Amino acid sequence: MFHSLETRIQAIFRACLAEKFGVQTDIAIEQPKQSSFGDLALPVAFQLAKNLRQAPRKIATDLVEAVGTIPGVAAMEIAGNGYINVRFDRGTYAASLLRGDTGIAAGPIEPKTGESKTIVEHTNINPNKAAHIGHLRNAVLGDTFVRMLRTAGRNVEIQNYIDNTGVQVADVVVGFHFLENKTPSDVAALIAQERFDYTCWDLYARTSQYYKDHPESLAWRAQTLHEVEAGHGALAKMAHLVADAIVVCHLATMLRLGIRYDVLPRESEILHLKFWANCFELLKERKAIYFEEEGKNKGCWVMPSSAFRGADEANEDSKVIVRSNGTVTYVGKDIAYQLWKFGLLGKDFFYKPHTAYPDGQMVWVSTATPQTELAPSFGKGETVYNVIDTRQSYLQDVVVAGLRALGFDKQAEQSIHFSYEMVALSPRCCADLGIELSEEDAKRPYVEVSGRKGLGVKADDLMDKLIESAFGEVASRHAEDSPETQRAVATEIAMGALRYFLLKFTRTTVIAFDFQEALSFEGETGPYVQYATVRARNILKKLQDRGESIPDFAAELSAEAMARQLLDEEAWQMLLVASKVDSALDRAISTGEPAQLAKYAFQLAQTFSNFYHVFPILSEPDREKKVFLLWMTTFFAKQLERTLGILGITVPVYM
RNA sequence: GCGCCCGUAGCUCAGUUGGAUAGAGCGGCUGGCUUCGAACCAGUAGGCCGGGAGUUCGAAUCUCUCCGGGCGCACCA
């Protein structure tokens, strides 16, 4: 609601400036520093002062005069040296909120048919070990961004790319086969046991260490990769077993946080369906790459550095796309994959159902052979967001340069690297985990997570720990309730805490993970926001417990009655904050920062907590005021639920 | 060496395309549960926004420069 009024005022001012002052300009709108100044502030007069050669204050006065009255606006005042402060008509504002005109959908909107598609690719964990805290940041950011876009009505497809034929999977296979002498059926037996992903976590670290101690053993990796690529033999079979089983683990881990996918494109199909062959032809044909005849890259197909770096900083460090032995690098495959996402490759995968979520929604996986079951149409996006950590910026630049070199400028423009900083471990966290740090590392502000070293916090361990901690709190407050319900509530609280923790930081901030902070349920946390929501609901529940019914707000609250109640400045400020979900969402999408929405959720919860303490609601003697306060309560509850919903955080039945 | 990111309260972080007196959480101190459940609230202390120069009516925000920290720059992904 706030946002729509804001944009309307903006449009009116822009039109007025164009018409009566002959100036084309964007109208900046901001929050007044103090709420007593008004509900919106326009500093536009300052911008115009130079062009019009007049004092800002005079311009502001003339402009307000020229604009006249605006529906929904009660007053406009000139303040300071030329601010235009706008005050809303409180009664009509509240009345339209009451009608449900909040400017935001209650949940994801069903996109219009023919609506162009946005693809968000996230998670993308190598299927060779358990997911860790860094992977969670990726998935939670991606998932939340998807929820934001879908709430705004965008048609979004979620892809989780599976690199099932890469070095990392090969290394675990090397571990099973060469270090532990296991057969594929031994591995299958291990998969049937608990926590296969944890088994692989340890094995991967052990194999990596073995390479370090015995460099000659790297030949095993080469042999394994070769067999995996060829697609037959025990090693290839084992690779498939491992990767497929780990993907199942990852999906389960992510589902605990409410994170889902639409399709899992796999590298094995990119190979078998020869996506690269098409891409290679295109690249050669359009001269995006060339065959290097000399120097260190002799015998390789390379992309010149001028393609992906500024012309002035171009040097001889070209990027190898095809190795001298004829195999294609990761970047090459990624260019092919990116082309497919835009529907530019001229090829598609086949698909089969992978897993059904509890509500029946299906995840599909790519496959190399035609299927009888009809799959949805995947790919062919207009905009593509790749949620990948910032350390891969250079490679993402090369991929985009590939598109541009092929002449797909529009798609290059619409390829967005949704980058984020890593999650590292605080020195204290390492101590908690019993990890010994080198003297050098101990002095650092944080230590990088390393799968190869087995250094990291496993996602499932962290979630278990959070649930245990929350369970203790729940049990102490609701000892009378069944352990099952207690556990369910504790789980919702734990997951809310984790999602919020990962979202409260902006994408450019390195998170130095710390158990104490992550396990906190007080202050700026997910549970704080959940708690506010639960309390709002409790008021309404209590009302009904006392034999009263929830009033028919539309019948009892006229715009005049609302205006009367909103003479209370505190109540008005609170309502204003609560009405800004649309504004916060819009800002979070345009800046690409889910953190902004998380911050708003917290501010909204704070405002409600304050409201809760300032206004006794159930005991309010005046009928009109009581009904009004009850309406405010339902409004807060609804807005809190919506905002939490976009953040992927649920609301427990009690706390 | 080159590129990207960060530097804001004791700690961890926000700061909406440059705007009015720079904000929040944690921690510290002082208060508030027989009320709609305190996972809460109110109050308080705490800042040369890393240093310097510039652009501007106006800079935490833009430019340059220096200092400090992190991450990239493979025929790995």
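First the proteins, then the strands, lettered A, B, ... as listed; each starts at 1. These values consider heavy atoms only, across backbone and side chains, with no hydrogens, waters or symmetry-generated copies. On a predicted model such as this, the values are computed, not experimentally measured, just so you know.
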Mate of B:rG68 where both pairing distances stay under 3.5 Å, Watson-Crick or G-U: B:rC6
Any strand: nucleotide that pairs with B:rU12 via Watson-Crick or wobble, under 3.5 Å: B:rA24
Examine [N]: is either OP1 or OP2 under 4.0 Å from a nitrogen or oxygen in the side chain of [X]? Give yes or no.
X: A:Gln606; N: B:rG25; answer: yes
X: A:Thr506; N: B:rC6; answer: no
X: A:Tyr330; N: B:rA77; answer: no
X: A:Tyr612; N: B:rA38; answer: yes
X: A:Arg444; N: B:rG69; answer: no
X: A:Asn610; N: B:rA42; answer: yes

Touch class at under 4.0 angstrom, heavy-atom based, for A:Ser324 against every strand present: base
Sugar-phosphate, base or nothing in reach of A:Arg477, heavy atoms under 4.0 Å: base
Spatial distance of atom CD1 (A:Ile649) from atom CG (A:Leu640) [nearest 0.5 Å]: 11.5 Å
Under 5.5 Å and under 30°: A:Tyr394 stacked on B:rG72: no
Could you check whether [X] pairs with [Y] (Lys NZ or Arg NE/NH1/NH2 to Asp/Glu carboxylate O, under 4.0 Å)?
X: A:Asp441; Y: A:Arg444; answer: yes
X: A:Glu548; Y: A:Lys626; answer: yes
X: A:Glu267; Y: A:Lys333; answer: yes

Donor-acceptor under 3.5 Å (A:Asn160 side chain, A:Asn124 main chain): yes
A:Met655 side chain, from C-beta outward: closest of B:rA39, B:rA24, B:rA14: B:rA39
5'-most by nearest nucleotide on RNA chain B - A:Tyr161 or A:Gln596: A:Gln596
Length of the CG-P vector between A:Asp514 and B:rC11, whole Å: 15 Å
Spacing of the C1' atoms in B:rU21 and B:rG47 (rounded, Å): 13 Å
